[in-house]
Amino acid sequence: MDEEKRVVLGQRLRELRKGCENSPSLDKFVARLDATIEPIDGNHFGKCELGKRTVSRELLFALIKLFAHDRRLNLSLDEARQLVALSSYVFNDHEFRQIYAPFEFSAPTDNLAVQFGLTPSNHRLNFLVTMLNRAVQLAWQQQHHSRLVQLSIELARVYQQQGYFQQGITLYEKALPFAELVDDQQFLRARVQSNLAYLYTETNEVWWDKAEQLCMQSLRTFADLKRRDKEPHVHNHLGVLYTRWQRAHPAQFHLDQACQLWEKQQDEENLRSSFINLGLFYLQREQAAIAHDYLNRALHLTPPESAWHDLGTIQLNLALSHQRRKNWDKAEESLKQAETTFTRHGSFSGLAQVWHTVGLLQLDQEHWFESHFHLDKARQLWQQLKNPYHEILVQQAITTWQRESESLVQQLVTADDLTALLHDLR
């Protein structure tokens, strides 16, 4: 953006800031920004207003969001479009909908259940999405804030079951300001923060700092409210975050904390979740035997139908523990079980993880075609689910496949019996 455009845009942003409720100072204004961007201070934004610093696309999105929802300003959609045009950025309809229709959510337009076959289970999930969406919109219209937040949490959980993490994130982000209005000592806000942090963890690495902050805030709130039943959930989320982050000491601390609290509360359902995550932690630490023990303990606490998502996750992670010890047949058996579980219940994120793992398993055995086939399927599905974190992980595996498959290329050049080799590949 050239200097002239920066100056014009900066002047307009200054006018809008001054028009906001209570005409906030620079520092007070940036403190109100609801954004997943790098923190900025008043001095930074002051330079944007003077045209001395470029306004990033992410910052502009956060600014329009604040201007649109400021009670005194209520920036119209047309004005927002003019602001974006002035900046030379491009916002799509989905981004404007995120700003201007806080709870007009419907089932994702990319309905993957149709692609994979509409089973009774995922049909039931789609039905729940429809009913919860209608209820959320009605609660919003009636300004029933506590029920609006509760329904939003339940709707986000259904999206999460199907693997639509981004829809869940958007829903939690929109619910958070309403949770702050509820007179419950910020209990619902803490629930939203903790759940949002988990989806940030599973979706995009750039949000991990924000996820950590949200978890710490919710943990303090639950501690202040003496809600010991909610504290282990946050410890569990922090344990998963630090496991992904490969920060072993805090990961183990928080997972152990969750485990101890749930054992003390005799909460077997949530204790199962701790065992699963401890299994994943020890798999990452290359301690497959310990991981296997935790996963079997989780399996012992898992009813086959009512906890199908946990069952599929356990089956998937047991396959990983078998893979680490080169028990190929047992690994394949566990993966088939996990694929059946996730397919039956319409968990697309679960299917993507299974295919990723199948690809790795086949790569270990130099089954080149099968490996690439499953890795590519996993990559495409994560792409459809708009999950860059897992998409990058699969792409890294595909890069490994490309490097290691060079041996096959060498065989094609040097093999004495080329016909026989090609026959084996077909």
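Side chains included, hydrogens not; waters and symmetry mates left out as well; all remaining heavy atoms used. Residue indices begin at 1 and follow the sequence shown.
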Review point. What is the ring orientation for Phe67 with Phe29, classed by angle as parallel under 30°, tilted 30 to 60°, or perpendicular over 60°?
Key: parallel
**Study point:** Gln266, CD atom: more than 12 neighbouring heavy atoms under 6.0 Å
**Key:** no
Check your understanding: Angle class for the Trp308/Phe342 ring planes (parallel below 30°, perpendicular above 60°, tilted otherwise)?
Key -> perpendicular
Exercise for review: Decide whether a cation-pi geometry holds between Arg81 and Phe96; the criteria are a distance under 6.0 Å from NZ or CZ to the six-membered ring centre and an angle within 45° of the ring axis.
Suggested key: yes
Point to revise | Candidate pair Glu154 and Arg157, rule salt bridge (Lys or Arg N to Asp or Glu O under 4.0 Å), full reasoning | key: CA-CA 5 Å; Glu154 295 304 321; Arg157 289 174 65 183; 3.4 Å; yes
**Study point:** Shortest non-hydrogen separation from Tyr242 to Met216 and the atoms involved
**Key:** OH-CE, 3.7 Å
Review point. What closest approach, in Å, do Ile314 and Leu299 show between heavy atoms, and which atom pair accounts for it?
Key: CD1-N, 3.7 Å
**Study point:** Taking every non-hydrogen atom, the tightest pair across Ala223 and Glu231
**Key:** CA-OE2, 3.7 Å
Review point. Can you tell me if CG on Asn92 sees more than 12 non-hydrogen neighbours from other groups inside 6.0 Å?
Key: yes
Review point. Considering all heavy atoms of both residues, which atom of Ser349 and which atom of Gly163 are nearest to each other, and what is their separation?
Key: OG-CA, 3.5 Å
Check your understanding: Step by step, would you call His292 with Asn296 a side chain to side chain donor-acceptor pair (under 3.5 Å)?
Key -> CA-CA 6 Å; His292 201 83; Asn296 276 320; 3.3 Å; yes
Check your understanding: According to the ring pair (Phe, Tyr, Trp, His ring centres under 6.0 Å) rule, which pairs have a member within residues 4-27, sequence neighbours left out?
Key -> none
Expected list for residues 251-262: side-chain donor-acceptor pairs under 3.5 angstrom, two or more places apart:
{"residue": "Gln252", "atom": "NE2", "partner": "Tyr282", "partner atom": "OH", "Å": "2.9"}
{"residue": "His254", "atom": "ND1", "partner": "His235", "partner atom": "ND1", "Å": "3.0"}

Review point. Between Trp208 and Tyr389, what is the ring plane arrangement, given parallel below 30°, perpendicular above 60°, and tilted in between?
Key: perpendicular
Exercise for review: Quick one: do Asp229 and Arg227 satisfy salt bridge (Lys or Arg N to Asp or Glu O under 4.0 Å)? Show the steps, please.
Suggested key: CA-CA 5 Å; Asp229 58 320; Arg227 289 301 302 262; 2.8 Å; yes
Study note, to complete from the structure: The side chain to side chain donor-acceptor pair (under 3.5 Å) partners of Arg17 (sequence neighbours excluded) come to Glu49
Check your understanding: Can you check ring-ring contact (aromatic ring centres under 6.0 Å, His included) on His356 and His390, steps first, answer last?
Key -> CA-CA 9 Å; His356 183 184; His390 284 281; 7.9 Å; no
Exercise for review: May I ask you to check whether over 12 heavy atoms, not counting those of Glu268, lie within 6.0 Å of atom CD?
Suggested key: no
Practice item. Go through the steps for Glu202 and Arg244 under the test salt bridge (Lys or Arg N to Asp or Glu O under 4.0 Å), then give the verdict. Key: CA-CA 9 Å; Glu202 291 295 302; Arg244 299 272 188 240; 2.9 Å; yes
Point to revise | Lys336 bridged to Glu339 by N-O distance under 4.0 Å | key: no
Check your understanding: Can you check salt bridge (Lys or Arg N to Asp or Glu O under 4.0 Å) on Arg189 and Asp184, steps first, answer last?
Key -> CA-CA 9 Å; Arg189 183 191 67 171; Asp184 65 350; over 6 Å; no
Study note, to complete from the structure: Scanning both residues in full, the closest heavy-atom pair of Leu60 with Ser87 reads CD2-OG, 3.3 Å
